[in-house]
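Heads up, the thing below is written out as structure tokens.
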Number of protein chains: 2
Amino acid sequence: MARAGLTPERLTRAGAELADEVGFEQVTVSELARRFDVKVASLYSHLRNSQELKTRITLLALEELADRAADALAGRAGKDALIALANVYRDYAREHPGRYAAAQFRLSPKDAAGSAGVRHAQMTRALLRGYDLTEPDQTHAVRLLGSVFHGYVSLEMGGGFSHSAPDTQETWTRILDALDALLHNWPAP
Amino acid sequence: MARAGLTPERLTRAGAELADEVGFEQVTVSELARRFDVKVASLYSHLRNSQELKTRITLLALEELADRAADALAGRAGKDALIALANVYRDYAREHPGRYAAAQFRLSPKDAAGSAGVRHAQMTRALLRGYDLTEPDQTHAVRLLGSVFHGYVSLEMGGGFSHSAPDTQETWTRILDALDALLHNWPAP
DNA sequence: GCGGTTTGCCTAAAGCTATTAGGCAGATGC
DNA sequence: GCATCTGCCTAATAGCTTTAGGCAAACCGC
């Protein structure tokens, strides 16, 4: 029997591509086996179970997102940086909807701790150094930005805005303007 | 054979309870049948398929949420109304995590048009009458509020904030303060 | 209250996914 | 060149989804 050269890494990458094509929820060990022209059981030498496959795809997506974010933030500050970071999430979700969905997958505390999720928080915090916020307000702002980015992108992807009128690009720009203004005028408690 | 008295409505309600217990993703026609002490195939006289079950649970959740929102907004305006509406979403998600997840389920355009989703947008728009925004800015603000509410609640539920320090109630309050301030000072294009 | 019809739940069966156990052959190491 | 190891295989179990066809309880008109 010719060997297919399976590895956890190749399976994860193929799984991520599959997710982008059919949706993260539809990623299945069986379909993956079909793509490698291999029997399902063979994958179980490389993956503990389908949960592990999903976890690996999630970790991959978080890494890719963090890498893109780091790239986008390099050499930028203030509103420039804000816009760049926001667009990283939005663009990634558009280019890789399945991976983006994977990035929202709930990880075990252990996996989460070792994930690139930490880098994301750090980068958002770094971005906020361009604004004048006290330490606790920085945390609130990190959470606000995370909420807006994630909330907007997932509503837009989910078609939540597709019924109403003005195009979403205009809204996106204006929301980022508004956030920039807000961070400059953050209200005292 | 004693009849179990199944109806689409009872199945939907039971499905919603099941979702809150085990998660929306884990809602299964088989488990529902078990709960009614009935064979799986019997449910197919009342539901076209498992997709329809999920759609019905989604529609139920959207209605419940809209009813709560309407209640909360009655007699309130301005920041008061903003806080009340925001808390409707957050509290609903805490009390009914499965139903809240269902409310995010992607509906067909046809189902979406007939859903309470429309009411949600209208209520957010009504709330914004307490602030002085031009017509197009109202739409942008509706989308911003939707993004923040949904984004915050889903990150909080997903444990996205559970690692960092200050408690989430404080952040939630401060974010609502910030949104109120922003709506009062919405930047011109 | 009785016969006929409708309706509700049942059995049976096929197809898909996940997962485990055990086997054989190609790759690897001395 | 031989022994070992590793990778993919076959086989089997179990759960979920969905369809087809059957029997009996409930309902309807008289």
Side-chain angles (χ1 to χ4, degrees), chain A residues 1-60 98-99 101-102 105-108 110-111, chain B residues 1-60 98-99 101-102 105-108 110-111:
Chain A
M1 311 263 125
R3 304 205 168 182
L6 305 179
T7 66
E9 289 68 31
R10 283 191 67 196
L11 290 170
T12 305
R13 267 197 303 274
E17 281 159 32
L18 178 56
D20 286 335
E21 289 170 36
V22 303
F24 184 61
E25 297 305 327
Q26 277 63 54
V27 170
T28 187
V29 185
S30 304
E31 177 59 29
L32 207 51
R34 245 170 261 130
R35 301 221 162 182
F36 279 94
D37 203 31
V38 139
K39 298 297 172 182
V40 199
S42 306
L43 300 199
Y44 285 82
S45 316
H46 306 278
L47 301 169
R48 199 189 323 287
N49 49 36
S50 87
Q51 172 75 18
E52 180 175 325
L53 172 62
K54 286 184 178 162
T55 297
R56 279 176 178 277
I57 297 173
T58 297
L59 294 173
L60 172 68
R99 285 158 148 100
F105 183 63
R106 174 124 195 195
L107 294 174
S108 72
K110 201 166 139 293
D111 286 331
Chain B
M1 312 263 126
R3 303 203 166 181
L6 307 178
T7 66
E9 289 68 30
R10 284 191 66 197
L11 290 171
T12 305
R13 267 196 305 274
E17 281 158 32
L18 179 57
D20 287 334
E21 290 170 36
V22 305
F24 184 61
E25 297 305 327
Q26 275 63 55
V27 170
T28 187
V29 184
S30 302
E31 177 59 28
L32 207 51
R34 245 170 260 130
R35 302 221 162 182
F36 279 93
D37 202 32
V38 139
K39 298 297 173 183
V40 200
S42 307
L43 300 199
Y44 284 82
S45 315
H46 306 279
L47 301 169
R48 201 190 321 288
N49 50 36
S50 86
Q51 173 77 16
E52 181 176 325
L53 172 62
K54 286 184 176 163
T55 298
R56 279 176 178 277
I57 297 174
T58 297
L59 293 174
L60 172 67
R99 284 156 148 104
F105 183 63
R106 173 123 198 197
L107 294 174
S108 72
K110 201 165 140 293
D111 287 331

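Using a 4.0 Å cutoff on non-hydrogen atoms, the parts of residues 31-50 of chain B near DNA chain C are B:Val38, B:Lys39, B:Ala41, B:Ser42, B:Ser45, B:His46, ordered by number. Contacts between residues 8-23 of chain B and DNA chain C, defined by a heavy-atom separation below 4.0 Å, involve no residue at all.
Annotation: side chain of B:Leu59 is in contact with side chain of B:Leu107 (closest heavy-atom distance under 4.5 Å). A 4.5 Å side-chain heavy-atom check between A:Ile57 and A:Leu18 finds every atom pair outside the cut-off. Looking only at side-chain heavy atoms (C-beta outward), B:Leu32 and B:Val27 stay at 4.5 Å or farther from each other.
Remark: B:Arg13 engages no residue in a side chain to side chain donor-acceptor pair (under 3.5 Å) (not counting sequence neighbours). The side chain to side chain donor-acceptor pair (under 3.5 Å) check on B:Asp111 picks up B:Ser108, with sequence neighbours excluded. Under the side chain to side chain donor-acceptor pair (under 3.5 Å) criterion, A:Glu21 pairs with A:Arg35, not counting sequence neighbours. Listed by chain and number, the residues in a side chain to side chain donor-acceptor pair (under 3.5 Å) with B:Glu17 amount to none (sequence neighbours excluded).
Taking both residues in full, the closest heavy atoms of A:Leu11 and A:His46 are given as CD1-CB, 3.7 Å, listed atom of the first, atom of the second, then distance.
Per the geometry, CG belonging to B:Leu6 stands 4 Å off P belonging to C:dC9, to the nearest Å.
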